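Since the model is a prediction, treat every value here as computed from it, not as a measurement. Order of listing sets the numbers, starting from 1, for every ligand and every atom in it. Reckoned from all heavy atoms, side chains included, excluding hydrogens, waters and symmetry mates.
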Amino acid sequence: MTMITLALSKGRIFDETMPLLAAAGIKVLEDPETSRKLILPTNQPDVRVVMVRATDVPTYVQYGGADIGVTGKDTLIEHGGQGLFRPLDLNIAKCRVSVAVRNDFDYEHAVTQGSRLKVATKYTHIAREFFATKGVHVDLIKLYGSMELAPLTGMADAIVDLVSTGNTLKANNLVEVERIMDISSHLVVNQAALKLKQEPLRHIIDAFASAIRKD
Ligand code: AMP
């Protein structure tokens, strides 16, 4: 029996991957929100799901801890994508990466004046590339969470973060001043597994492809 291991993270990615798995005839048998198990069984004895941190999904697939995974484009860019085949944009967990500042901060003036901008973010690759293309000098401050706090405490002028409804920014007196890119989650596949486990992986990739919502 060839075991297929799928890496997922809790939350939107897990929830929005379930209908795609259903299209492949796969049903996860435990709820990751209540189960303490890191490896979840499915109704298919040769398919299992490993629950990992969102930022670890590309790493698990790259090194063969999982054969396939679902991960945000933001996470994929920051990881670099080495060793990963990326056959499908799943059009799920959609949001955007944007620049936000305090609503009393004159962003336009700051970026045209040629002064250095202090930018706090988890997305250092995306932020560096974006501001380099604009010709804006930035000092990047790497954070791992609650980016919104950085401008409020005076630690940074701006943040680069994921925005979905915009409610989190609004609740913290921040405004979105630039949209850097649209984000959705992608299917990633270990390149060696794609050759060694071609048939079962093809079945999953094809079923996912036919179930993607186009909108
Ligand atoms: P919102 O208030 O709806 O704009 O959501 C913004 C907050 O949710 C931020 O803290 C983001 O980091 C997080 N967020 C939004 N969309 C996603 C997503 N697709 N994946 C992970 N985190 C997200």
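- Under a 4.0 Å N-O distance rule, the pair Asp139/Arg116 qualifies as a salt bridge.
- Every N/O-N/O distance between Leu169 and ligand 1 stays at or above 3.5 Å.
- When each atom of ligand 1 is checked for a heavy atom of Val163 under 4.0 Å away, the hits are 4 (O).
- A side-chain donor-acceptor contact under 3.5 Å links Glu78 to the backbone of Ile126.
- Closest to atom 12 (O) of ligand 1 among all protein heavy atoms lies Asp161 OD1, 3.5 Å.
- The closest protein non-hydrogen atom to atom 3 (O) of ligand 1 is Thr165 OG1, 2.6 Å.
- Within a 6.0 Å radius of NZ in Lys142, more than 12 heavy atoms belonging to other residues, nucleotides or ligands are found.
- The protein atom (non-hydrogen) at minimum distance from atom 15 (C) of ligand 1 is Ser164 CB, 3.7 Å.
- Atom 2 (O) of ligand 1 has its closest protein heavy atom at Thr168 OG1, 2.5 Å.
- At a heavy-atom cutoff of 4.0 Å, ligand 1 is contacted by no atom of Met147, backbone or side chain.
- Taking any N or O of Ala93, backbone or side chain, at least one lies under 3.5 Å from an N or O belonging to ligand 1.
- Every atom of ligand 1 is numbered from 1 in the order shown, and the set under 4.0 Å from a heavy atom of Asn167 is 2 (O), 4 (O).
- Under a 3.5 Å cut-off, the side chain of His203 and the backbone N or O of Ala24 do form a donor-acceptor pair.
- At a cut-off of 3.5 Å, with distance as the only test, a side-chain donor of Ser184 or Asp89 sits close to an acceptor on the other residue.
- Residue Glu148 places a heavy atom less than 4.0 Å from ligand 1.
- Applying the side-chain hydrogen bond (donor to acceptor under 3.5 Å, both in side chains) definition to pairs two or more places apart or across chains, those involving residues 147-174 are Thr165-Asn167.
- For the pair Thr121 (side chain) and Val160 (backbone), a donor-acceptor distance under 3.5 Å is present.
- Listed by number with element, the atoms of ligand 1 under 4.0 Å from a non-hydrogen atom of Gly166 are 1 (P), 3 (O), 4 (O).
- Protein heavy atom at the shortest distance from atom 18 (C) of ligand 1 is Cys95 SG, 3.7 Å.
- Counting protein heavy atoms only, atom 9 (C) of ligand 1 is closest to Leu162 O, 3.6 Å.
- The 12-atom threshold is exceeded at CD of Glu33, counting heavy atoms of other residues, nucleotides or ligands nearer than 6.0 Å.
- For Tyr60, the OH atom is loosely surrounded, since the number of other residues' heavy atoms within 6.0 Å does not exceed 12.
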